[in-house]
Amino acid sequence: MIGKNKGRMTKDGIRIYEEADFAGMAAAGKLAAQILDEVAELVTVGQTTGVIDKFIEDRVTAAGAISATIGYKGYKHASCISINHVVCHGIPGDKKLKDGDIVNIDVTVIVDGWFGDTSRMYVAGKLSRKTERLLQVTHDALFKGIEAVKPGNTFGDIGAAIQTFVEGHRMSVVRDFCGHGLGRVFHAPPNVVHYGRPGTGAVLEPGMLFTIEPMVNLGRPETKVLADDWTAVTRDKSLSAQFEHSIGVTETGYEIFTLSPAGKYHPTYEL
Ligand code: MF3
Ligand code: CO
Ligand code: CO
C-alpha cells in the first residue's frame with residue numbers, strides 16, 4: 001500500500017527496515033531473552049515441559065506482550081521444548097525431564113507488533129562430556145554465522161561459515177529447517193539456511209532483519225516429523241542441539257536483539 005510502509009523490498013523479496021525499527025526489535029528481543037533467562041531455574045530433573053511452558057505463557061502475558069506461537073498454524077503453546085533427539089518444534093506436555101536431558105526452549109514474543117525469536121539449550125541434572133561438546137559446537141556455530149553478517153556479504157557466507165565449523169567437528173547441520181526473515185511478521189523471506197557456499201545467495205544490506213538458528217546433530221543430518229505434525233526428530237535418534245538469535249544488519253555489521261540480559265545464554269555458564 002503506497003505510503004503506508006516506507007520499507008523497501010529487495011529483488012529477493014527481503015524487506016529493508018528503517019533504523020528506527022531496530023528499537024522495536026530490541027525491545028521484543030529483550031523480552032524473549034529475559035524469559036529464557038528466567039526459565040533456566042525451572043529446567044530440573046522431574047520437571048514437566050508443560051509447567052515450563054505455562055511459566056513462559058504467564059510471563060509473556062504479565063509483560064503485556066503476545067505469544068507469537070499460540071495460534072500459529074494451529075500450534076497451541078507459548079514455546080517449543082525439544083529434548084535430546086528432538087531437533088525442533090517439541091510440544092510441551094506431561095513429559096518429565098530426566099537426569100542428563102538436553103533441552104532447547106524456543107520462545108517468540110510480539111511487542112508493539114515486533115517479533116523477538118530466540119532459543120537456547122539447557123541441561124536437566126548432569127551434563128555428560130560428549131553432550132557438552134555438542135552444545136559448545138552448536139553455540140559457537142551460531143556465532144560463526146553471526147560474525148559473517150555485514151553489508152556486502154551474502155546469506156551463503158553465513159551458511160558456509162556454520163557448515164564448515166560444524167563439519168570440522170565431525171557433527172552435522174540439519175538441512176530440513178532454517179532461519180527466516182522476521183520483523184513485523186514471524187516468518188518472511190529469506191530462508192536462512194545453515195549450510196552452503198560462500199558468495200552465493202542474496203547480498204546482505206543494512207536494515208535486513210532475520211534469525212540464525214542452526215540445528216546440529218551428533219549423528220546424521222536427516223530428520224522426520226512425528227504423527228503430531230510438529231515434533232521433528234533425528235532419523236538416527238542421535239542427539240540434536242540448537243541456538244537461535246534474532247539479528248539486524250547494520251552499516252558496519254550486525255545487532256543481536258536477543259542477547260541474554262543476565263549473561264546466561266551459554267548452557268555451561270554455571271559449570
Ligand atoms: N520459534 C520457531 C522458529 O524459530 C517457530 C516455532 S513455530 C511453532 O522459527 F508453531 F512451532 F511454535
Ligand atoms: Co526462528
Ligand atoms: Co524460534
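Just so it is clear, the values below take in all heavy atoms, side chains as well, and ignore hydrogens, waters and symmetry mates. For ligands, and for the atoms within them, numbers begin at 1 and follow the listed sequence. A quick note: this is a predicted structure, and the numbers were derived from the prediction, not measured.
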Would you say [Y] and [X] are linked by a side-chain donor-acceptor pair, where the criterion is simply a distance under 3.5 Å?
X	Y	answer
H245	T258	yes
D37	S260	yes
N104	S82	no
T234	N217	no

Is the gap between the ring centers of Y17 and F22 under 6.0 Å?
->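 No, ring centres 6.0 Å or more apart.
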Does R184 make a cation-pi contact with F115 (under 6.0 Å, within 45 degrees of the axis)?
-> no
Is there an N/O/S atom in H187 that lies less than 2.8 Å from the Co ion (ligand 2)?
->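 Given the 2.8 Å cut-off, H187 does not count as a ligand of the Co ion (ligand 2).
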What orientation do W230 and Y75 show, parallel under 30°, tilted 30 to 60°, or perpendicular over 60°?
-> perpendicular
If a pair satisfies salt bridge (charged side-chain N to carboxylate O under 4.0 Å, His left out) and one of its residues is in residues 229-254, list it, with sequence neighbours excluded.
-> none
Only counting residues at least two apart or in another chain, list the ones meeting side chain to side chain donor-acceptor pair (under 3.5 Å) with H194.
-> none
Under 3.5 Å: donor-acceptor pair, side chain of R133, backbone of H169 = yes
Tally of protein N, O or S atoms, where distance to the Co ion (ligand 3) is under 2.8 Å |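 Protein N, O or S neighbours of the Co ion (ligand 3) under 2.8 Å, waters not counted, come to 4.
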Around ligand 1, what residues show up once you keep those with a heavy atom under 4.0 Å from it?
->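 These residues qualify: T69, Y72, Y75, C80, H89, D106, T108, D117, H180, F186, H187, E213, W230, E244.
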